[in-house]
Amino acid sequence: MGYPIELILSRQLAECLDMPVFLTDTVGNLLFYNEPAENILGKRYEDTGEMAVEEWGTVFKNKDDDGNPIPTDELPLVKTLMNRLPYHKTFWIESLQGTAERISVTSYPIIGRAATFLGAIAIFWRSSE
Amino acid sequence: MNITLWGVRGSIPTTSPNTKEYGGNTSCLEVEADGWLLLVDAGSGIQAFNCSRNVTNSRVDILLTHLHMDHIQGLGFFGPLFNPSVEVHIWGPTGAQSLRARLGRYFSPPLFPVYFRNLTCKLVLHEIGKSNFNIGPFAIQSDYVIHPGPTVGFRIHHQHGVLTYIPDHEFALACNVHKTKDLRWLSGSELAADADLLLHDAQYTEEEYKTKQGWGHSSMEDALQFARLNEVKQLLLFHHDPMHFDEQLHSIRSQLKEKHSSSVAFDMAVEGSTIEL
């Protein structure tokens with residue numbers, strides 16, 4: 001089954017950008033991530049292909065400025081998938097390799113023609129705050 | 001299923017002695033089977049259809065891929081729209097405005113003297129996107145494809161074969177067709193898979209496409225690769241550029257045949273030709 005052109009074009013845009021972009025379907029399965037995102041994820045899209053939400057959702061440990069874990073349903077992308085609205089949040093992520101980094105995440109839904117909800121985009125910004 | 005190509009030219013009607021062989025009328029196909037009649041797109045080729053036969057069907061269905069002028073400019077001259085005893089169904093892509101409102105721009109002064117509301121046929125409009133619907137013996141699948149503005153392609157399935165029609169399509173904008181391995185990321189792929197006949201946008205030569213990226217159309221080389229990847233049985237290169245005259249199309253055809261004939265069965269679409277599936 002082919003992907004809707006809104007997702008195909010979103011992937012193409014992500015491939016042209018120099019900021020980390022993650023593209024998911026409506027339930028959070030990771031359909032594509034671009035080269036800058038590979039550095040954050042510590043994996044290559046060429047190697048992993050698409051990743052189920054259970055798989056890539058555990059790659060990061062998310063913490064607030066005080067080091068407390070952030071509940072999953074407070075993460076921007078999760079909220080976007082639940083509510084089909086854009087969100088933004090700055091927090092810490094710790095990769096499986098134990099590297100911690102303060103980042104900002106902007107997420108927004110992909111609403112296609114005929115108001116069809118097709119997936120979401122999350123952009124990771126390396127935080128300068 | 002009988003298919004007649006009444007218009008194969010892209011962008012603007014280009015009728016001159018230089019285009020008499022391949023044809024100068026814009027997109028319009030007639031698809032007929034078991035007494036049912038479909039017109040696919042309503043470019044200026046619809047006038048060639050008008051001149052060729054008298055419609056006696058009590059129902060006619062018009063499938064519009066999109067509402068660019070070269071695909072609807074013949075609509076106002078389609079006789080059955082003015083015949084109260086004919087039911088005309090128009091199927092077109094959903095957009096931000098209703099199909100009626102968008103077609104109404106064409107059916108109103110100063111572009112056209114007759115208002116939409118003054119058409120006397122029994123008119124039924126259907127908004128489609130990624131849709132499946134049946135018309136008589138045809139099972140039809142539509143889906144959005146990459147082209148500026150809401151645009152769909154059609155996969156028309158009849159018991160004797162599958163016709164795929166994607167006249168305006170720039171899939172290369174989002175996918176390197178010469179490198180891709182996963183066809184799910186290739187616009188239009190689901191419509192074209194294993195089709196018996198594919199009519200596909202091939203407006204530009206490979207060289208011309210380099211300066212026309214983003215204009216919504218494909219190169220001939222890309223169209224050939226698209227057909228190969230989707231394992232279509234026969235490809236007709238469609239939507240000829242208005243500046244490609246017969247002599248040039250002959251020459252391009254020869255070059256492409258020399259290079260690609262072993263990998264995919266293809267030819268140039270010719271106005272007035274018929275194909276039986």
Side-chain angles (χ1 to χ4, degrees), chain A residues 1-38 41 43-53 55-56 84 86 108-123, chain B residues 65-67 91-99 102 126-132 141-153 155 164 166 168-177 179-195 213-214 216 218 226 229-230:
Chain A
M1 182 115 159
Y3 290 121
I5 59 168
E6 294 89 338
L7 294 186
I8 294 174
L9 289 167
S10 295
R11 171 180 169 161
Q12 177 64 11
L13 176 61
E15 292 202 54
C16 300
L17 298 178
D18 197 27
M19 50 195 189
V21 176
F22 297 84
L23 171 65
T24 78
D25 65 12
T26 55
V27 295
N29 295 313
L30 185 57
L31 300 181
F32 177 75
Y33 51 99
N34 64 2
E35 209 172 315
E38 291 179 345
L41 202 58
K43 296 174 185 290
R44 295 187 66 234
Y45 181 73
E46 178 70 19
D47 299 330
T48 66
E50 296 171 11
M51 295 171 75
V53 63
E55 187 183 354
W56 86 283
R84 303 180 187 185
Y108 61 89
I110 301 170
I111 310 290
R113 292 206 170 101
T116 312
F117 176 52
L118 299 166
I121 291 273
I123 302 169
Chain B
T65 55
H66 62 307
L67 273 56
W91 307 74
T94 300
Q97 286 189 307
S98 70
L99 182 59
R102 285 174 290 141
H126 304 266
E127 303 213 3
I128 53 173
K130 186 174 177 56
S131 310
N132 290 283
Q141 182 183 350
S142 62
D143 198 2
Y144 290 112
V145 295
I146 295 177
H147 186 67
T151 304
V152 297
R155 180 182 178 91
T164 297
I166 316 179
D168 292 49
H169 190 202
E170 191 181 7
F171 57 85
L173 205 57
C175 181
N176 185 334
V177 78
K179 288 184 183 169
T180 190
K181 296 170 193 162
D182 186 346
L183 296 187
R184 290 176 303 171
W185 292 101
L186 178 59
S187 165
S189 191
E190 200 175 322
L191 296 173
D194 303 315
Q213 287 181 24
S218 291
F226 181 85
L229 284 173
N230 289 294

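This is a predicted model, so every value here is computed, not measured. Protein chains get the first letters and strands the later ones, always in sequence-line order, with residue 1 at the start of each. Computed over heavy atoms, backbone and side chain alike; hydrogens, waters and symmetry mates excluded.
Checked against ring pair (Phe, Tyr, Trp, His ring centres under 6.0 Å), A:F22 has the following partners two or more places apart in sequence or in another chain: A:W56, A:F124. With sequence neighbours left out, the side-chain hydrogen bond (donor to acceptor under 3.5 Å, both in side chains) criterion links B:R184 to A:Y3, A:E50, B:D182.
Both the backbone and the side chain of A:L31 come within less than 4.5 Å of a heavy atom of chain B. Neither the backbone nor the side chain of B:L191 comes within contact range of chain A; no heavy atom of the residue lies under 4.5 Å from a heavy atom of that chain.
Across all non-hydrogen atoms, the minimal contact from B:W185 to A:L7 is CZ3-O, 3.7 Å. Residues A:I5 and B:S187 share a closest heavy-atom pair of CG2-OG, 3.6 Å.
Between B:P150 and A:R113, the closest side-chain pair of non-hydrogen atoms falls below 4.5 Å.
Side chain of B:E190 to backbone of A:M1: no donor-acceptor contact under 3.5 angstrom is found.
Other residues, nucleotides and ligands contribute over 12 non-hydrogen atoms within 6.0 Å of the CG atom of A:D47. For A:E6, the CD atom is densely surrounded, since the number of other residues' heavy atoms within 6.0 Å is greater than 12.
Residue B:I146 holds its CD1 atom at 8.0 Å from CD of A:Q12, rounded to the nearest 0.5 Å.
Each of B:G149, B:A193, B:S189 has some count of heavy-atom pairs under 4.5 Å with chain A, and the biggest count is that of B:G149.
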